[in-house]
Amino acid sequence: MNPLLLFLIPLLPLLGGVFNACCGSRLPQRLVAAVAVLSVAGSFLSSLLLWPLGAGEGTRTVLFSWLQSGGFRADAGILFDPLAAVMTLMVTGVATLIHLYAAGYMEHDENQARFFALLNLFVFAMLCIVLADNLLFLFLGWEGVGFCSYGLIGFWYRKTENASAGRKAFIVTRIGDLFFAIALLWLFREFGTILIEQINARAVELDPLLLTVLTLLLLGGACGKSAQLPLMTWLPDAMAGPTPVSALIHAATMVTAGVYLLCRMFPLVSLSTTGMAAIALVGVLTALYAASCAVAQREIKRVLAYSTMSQIGYMFFAVGVGSVSGAMFHLLTHAFFKALLFMGAGCVIHLAGNENDIYRMGGLKRKSPQVFWLFLIGILCLAGTPLTGGFFSKDEILLTAFARGDGFSAILWGLGVLTAGLTSFYSFRLLYLVFFGEPRQAEKGHSVSPLMLWTLPLLALFGLFGGLLNLPHLFGGHQWLSHWLGQPAGVSLSLGTELGLLLLMLIFFGGGWLIAHLRYRRFPGDEQADWRSFLLNGWQFDRFYEFILVRPYRTVCRFCWQGGDKALIDGIMDGISRLCLHWGGYARKLTTGQVAFYLQGFAWGLLLIVGWFLLSAVK
Amino acid sequence: MIVPLEHVLFLSTILFILGLGCVLARRNLIMILIGVEIMLNAVGLTLVGASAFWQQVDGQIMVIFLMAMTSAEVSISLAMVVYLNRRKGTVDVRAFDEMRG
Amino acid sequence: MTASVAVHFPLLSLLLWLPLGGTLLCLLFRHSGNLCRWASLLTTVAVLCLSLWMAFQSLGGNGWLFYEDAAWIEPFGIRYMLGMDGISLLLVLLTALLQVAAILISWQQKEHPAFFYALILVMETGIIGVFLALDLVMFYLFWELMLIPMFFLIGVWGHENRVYAAVKFFFFTLAGSLCLLLAIISLYLIHGGQTGEYTFALEALRQTVLTPGTEMILYVGFMLAFIVKVPLFPFHTWLPDAHTEAPPAGSVDLAGLLLKTGVYGMIRFAFPLFPGAAERSLPLLAVLSLVGIFYAAWVAYAQTDLKRVIAYSSVAHLGFVILGLAAWNQLAWEGSLLLMINHGITTGALFVMIAMISDRAGTRELEHLGGLWSVFPNLSAFFLLFCLASLGLPGLANFSGEILVLFGTFKAQPLWGGLAVAGVVFSAAYMLRVVQSSLWGESKVLQRSDDLGPREWLILIPLALLVVLLGVYPAPVLDFLREPVSLLLATGGMP
């Protein structure tokens with residue numbers, strides 16, 4: 001197979017996006033949607049066909065040289081290795097389903113061309129991140145994803161809040177990008193190359209302190225894109241976009257980019273113990289933080305947003321404890337069930353008459369059992385019900401952390417288990433509030449388009465049986481994913497311990513479910529308490545940032561303009577000109593217009609000159 | 001040379017100072033012009049004296065030029081005086097201060 | 001020193017004086033605005049075609065791509081010397097392109113059209129002359145020649161506060177260029193005194209032996225003129241005022257071209273003539289440009305006038321350019337020059353678009369704009385594209401230059417590079433604010449509600465294509481830059 005064919009994978013969505021952006025508005029809407037779906041589907045198909053190229057060491061191929069100057073070289077090049085292959089397949093696969101779903105969801109919107117163009121570009125940018133063989137090309141996708149999310153979150157731009165949410169996503173993630181960019185520059189300074197393979201291979205040459213700094217910088221970049229502490233505030237607001245966009249951002253693209261980056265740079269990252277500890281810590285803290293916030297949310301999509309944040313936290317945790325396969329495993333299963341949940345949520349919102357508040361839903365099970373069952377599967381996976389995909393992947397992460405055995409990992413492990421309990425609680429809370437009890441919504445909902453519904457069962461299947469990808473030996477599996485990634489799990493625990501841990505997980509899962517069941521099986525009425533609104537607002541981080549960053553920034557900006565430019569610099573310049581005017585005023589008084597006055601001037605001058613000559617003659 | 005150079009210089013200095021005083025003190029335009037003429041003639045006298053003293057003809061040529069120029073200058077300036085007088089009805093220089101800054 | 005392309009026809013002179021010929025045509029047809037319009041358009045298009053042809057002729061060429069040398073004012077050693085290497089070629093191309101845009105954007109000029117177009121054409125000669133001159137007197141002549149038309153463009157065809165802006169612009173730049181003149185004359189006299197050969201030729205003057213003190217004084221004289229023109233913090237305050245008051249074509253020329261002459265002056269004249277002083281001044285230059293990057297981004301965020309935001313963004317971008325020069329290596333220099341070209345195109349395009357927007361909305365105040373996308377989807381899409389390019393989105397024009405500058409700077413001085421990266425975040429902040437308050441939201445009261453007309457498409461499409469092309473495949477530009485830059489860096493010399 002010609003390796004250059006690999007470029008089909010990112011280029012097809014790019015072409016689709018550019019085509020729709022340029023002439024989509026003049027074409028029938030159906031055609032626009034078809035082009036978008038087909039281009040992504042084509043990309044999925046080609047990644048399936050080209051799968052063998054990813055085996056072993058993978059394939060590297062270059063299309064053209066993008067930037068080349070003075071010893072610096074960045075190509076449009078692809079590195080299709082096992083990690084990239086798995087990720088590509090997931091991204092294109094899930095994105096294809098989401099595109100199909102979107103074709104149904106956006107049926108009646110008049111701006112489909114813009115929507116699908118951005119959606120396709122989004123997939124293209126994500127594929128750049130996944131496939132890039134050098135960090136700058138990766139950075140192109142990295143920023144491209146940021147821009148597309150900006151455009152899509154603010155898709156319904158007439159409402160200023162939506163546009164602001166998009167802007168927030170762009171700027172907050174760009175703060176993260178800043179760290180990534182510095183890491184990129186630094187790596188080039190050290191190695192004189194930005195090829196990922198070479199950097200990873202030569203990472204051992206680096207000074208340990210520098211390694212830690214670089215790891216932390218990469219972590220900063222990953223935090224921005226993956227909405228981890230402390231750069232997580234954009235994610236809940238990103239729900240302003242259309243639901244397929246949320247699904248795309250949360251399941252297949254964007255938020256997983258951070259995890260992927262850390263996995264991609266794992267040989268470098270893993271060399272720094274401090275860095276790894278920081279990654280694990282950030283992951284667990286975010287998981288716990290987001291889960292605690294999800295407990296109190298009222299909007300269905302915000303619950304899911306926080307759950308995403310929390311699950312991504314798990315993935316960071318996995319990377320931090322040294323298990324790339326654990327992180328990728330959870331990333332994959334999460335992609336399936338989270339796409340399922342979001343798309344299910346889109347159906348729910350349609351059914352409930354564009355209602356977002358779960359306190360005003362209820363009883364939807366009777367209205368559409370189909371959606372209920374699909375959503376249930378998603379919830380079960382999210383909550384980590386035994387034998388679902390989500391269970392295995394989460395379990396593997398916690399197991400790996402436990403197996404490390406040191407105190408720090410143990411504490412993190414404990415927090416992770418606690419979070420698992422919380423996850424189970426908020427998942428079932430969501431399920432009960434939406435589907436059980438009496439209908440509480442004011443408006444009559446409308447039916448769901450079949451195109452939307454058909455895409456879900458496939459995802460449900462993948463979510464349910466995703467565990468098979470990396471089934472642990474305990475359940476008779478062979479850990480296929482770990483082998484494919486060339487990272488056979490090093491977990492060696494006794495059977496007893498493993499079973500004990502399993503039991504513990506079960507208890508926490510069951511506990512979460514039980515509490516939710518007792519409390520939310522029937523709608524308990526609107527809850528209003530202070531601690532709830534604290535959680536509802538995400539621990540008031542938004543207000544905190546507003547207070548310590550945004551407002552001071554505005555003040556500084558205004559000060560620089562009024563104080564710096566206007567008062568100081570222009571003040572000095574205007575002062576000089578006023579001074580000239582002032583002295584000019586004196587000089588002006590000399591010109592009286594009186595001939596006699598001028599003649600006197602002559603006379604005095606003459607006297608001076610004569611006097612000067614006389615004096616010098618005397619000397 | 002019959003008259004010593006010192007005498008010539010002394011005379012022309014006196015003439016020059018008289019002319020200068022006239023230019024500075026008088027307010028009448030015509031008197032000022034006369035003052036200028038006197039100063040010019042003082043200079044001319046010096047040139048002639050110096051020419052005689054050094055037995056060089058240059059000074060005298062200069063004076064002839066000077067006389068030609070002076071006559072031209074007087075004719076122009078008198079024409080201007082007439083014009084100014086027509087405009088303001090006076091030849092007092094204090095009336096003409098439109099050029100003040 | 002021979003031209004690598006064996007063309008004996010004085011192409012450079014043709015290129016240089018063609019716009020002035022157009023000026024004469026304009027003045028000849030001054031009673032018919034329409035004729036003037038077409039005459040000036042044809043002239044600028046001819047210049048563009050000629051420069052494009054020259055670019056194709058010199059693909060892959062080395063050394064002086066074109067060179068002319070003739071005696072001019074012999075007694076003072078002033079020669080008519082023109083030379084074009086890769087850098088000048090690119091800048092001339094940029095000039096030719098933006099001037100076509102400038103003529104097209106002011107197609108409906110009603111007041112004194114003949115003089116308006118004539119001035120734009122005179123300016124074109126001035127700018128091209130600056131990029132080609134190799135004799136210091138000629139350089140100075142053209143340097144002043146571009147100042148005067150701009151003064152009148154702002155002062156006569158500007159907006160409400162035009163006189164203040166024009167005078168401010170004039171005094172800032174004139175103060176700078178007087179220093180330049182003094183330094184040129186001093187250098188001429190010193191060189192003449194040393195060698196007995198009184199000449200203004202750049203190549204000869206480079207051989208002058210100077211004490212470090214004198215060198216620094218002369219260098220500062222040169223640099224003051226260039227820094228004011230760039231403009232570098234804290235000499236930038238004339239720029240926002242000039243932009244705000246200038247007519248659209250004036251803004252395009254100002255941002256796209258005039259600012260570039262300052263940078264060009266540094267690399268062609270100030271650095272090669274005074275290498276020692278230049279080396280000592282690099283940290284100061286870097287500090288000023290870093291301060292400028294941040295400061296301008298902050299001030300831009302606080303602006304309420306669309307044009308002022310873009311004006312300050314120019315200050316920030318030119319800060320990147322100078323930072324790259326201060327890093328003093330091949331990578332950063334190529335990046336700087338690439339960024340300069342990119343910035344010319346994106347910012348030129350942005351000013352073109354602002355003219356279109358304010359034409360329709362009747363205002364440039366951000367508060368009174370809004371919801372443009374719902375009325376003018378095409379126009380807004382182009383505007384978004386250029387804004388994104390300006391904020392440095394990878395794959396679009398500015399990024400390719402900026403990232404090279406950053407790589408080069410970081411390689412030389414990690415601290416400078418690291419700080420400069422932070423400036424990128426701030427650029428996102430103000431550009432997104434512009435996009436937010438102009439494109440999104442509900443649409444407001446408008447004067448006209450027609451989307452892009454054919455003439456506007458004609459301006460925007462080439463610019464948009466270039467923005468994408470320079471972001472995705474800047475290799476042709478970099479090829480032109482490689483050899484001249486390495487020569488300038490190695491010896492400060494010329495082919």
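Sequence lines set the chain letters: A, B, ... in the order given, protein chains first and strands last, and positions in each chain run from 1.
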Practice prompt. Residue by residue, scan residues 554-565 of chain A and write down, ordered by number, those that have a heavy-atom distance under 4.5 Å to chain C; if none do, write 'none'.
Written response: R554(A), V556(A), C557(A), R558(A), C560(A), W561(A), G564(A), D565(A)

Heavy-atom distance under 4.5 Å to chain A: side chain of [X], backbone, both or neither?
X       : answer
L478(C) : side chain
F294(C) : neither
Y430(C) : neither
F172(C) : side chain

Worksheet item: Considering all heavy atoms of both residues, which atom of A163(A) and which atom of W440(C) are nearest to each other, and what is their separation?
Response: CB-CD1, 3.6 Å

Worksheet entry | Shortest non-hydrogen separation from I171(A) to A429(C) and the atoms involved | CD1-CA, 3.8 Å

Between [X] and [Y], is any pair of side-chain heavy atoms under 4.5 Å apart?
X       : Y       : result
I569(A) : F235(C) : no
I403(C) : F72(A)  : no
R433(C) : R167(A) : yes
N111(A) : W373(C) : no
L391(C) : R174(A) : yes
Y150(A) : V435(C) : yes
Y157(A) : S374(C) : yes

Response to the item:
Applying a strict 4.5 Å limit to non-hydrogen atoms, the region of F139(A) in contact with chain C is both

[X] side, atom [atom1]; [Y] side, atom [atom2] - distance, nearest 0.5 Å:
X       : Y       : atom1 : atom2 : answer
S69(A)  : L481(C) : OG    : CG    : 8.5 Å
T160(A) : E442(C) : OG1   : CD    : 8.0 Å
F170(A) : L393(C) : CZ    : CG    : 5.5 Å

Discussion item. Show every side chain to side chain donor-acceptor pair (under 3.5 Å) that has at least one partner inside residues 382-392 of chain C, sequence neighbours left out.
Written reply: none

Worksheet item: Taking every heavy-atom pair that is under 4.5 Å apart, which of L178(A), L185(A), L568(A), L140(A) has the most such pairs with chain C?
Response: L185(A)

Item to complete: Heavy atoms only, distances under 4.5 angstrom: which of I572(A), N162(A), I182(A), I175(A) has the most pairs with chain C? Name it, please.
Response: I182(A)

Discussion item. I'd like to know if the side chain of W66(A) reaches the main chain of G471(C), judged simply by a donor and an acceptor atom lying under 3.5 Å from each other, with no hydrogens or angles considered.
Written reply: yes

Worksheet item: Listed by chain and number, what are the side chain to side chain donor-acceptor pair (under 3.5 Å) partners of D479(C), not counting sequence neighbours?
Response: R482(C)

Worksheet entry | CA sep, side-chain torsions, deciding dist, call: T237(C), K566(A), side chain to side chain contact (heavy atoms under 4.5 Å, CB included) | CA-CA 8 Å; T237(C) 56; K566(A) 279 208 165 160; over 6 Å; no

Discussion item. For F191(A), is the CZ atom crowded, meaning more than 12 foreign heavy atoms sit under 6.0 Å from it?
Written reply: yes

Fill in: Short side-chain donor-acceptor distance under 3.5 Å, Q436(C) and S164(A)
yes

What donor-acceptor contacts under 3.5 angstrom involve side-chain atoms of residues 405-426 of chain C, with partners at least two apart or in another chain?
from: T409(C); atom 1: OG1; to: V405(C); atom 2: O; distance (Å): 2.5

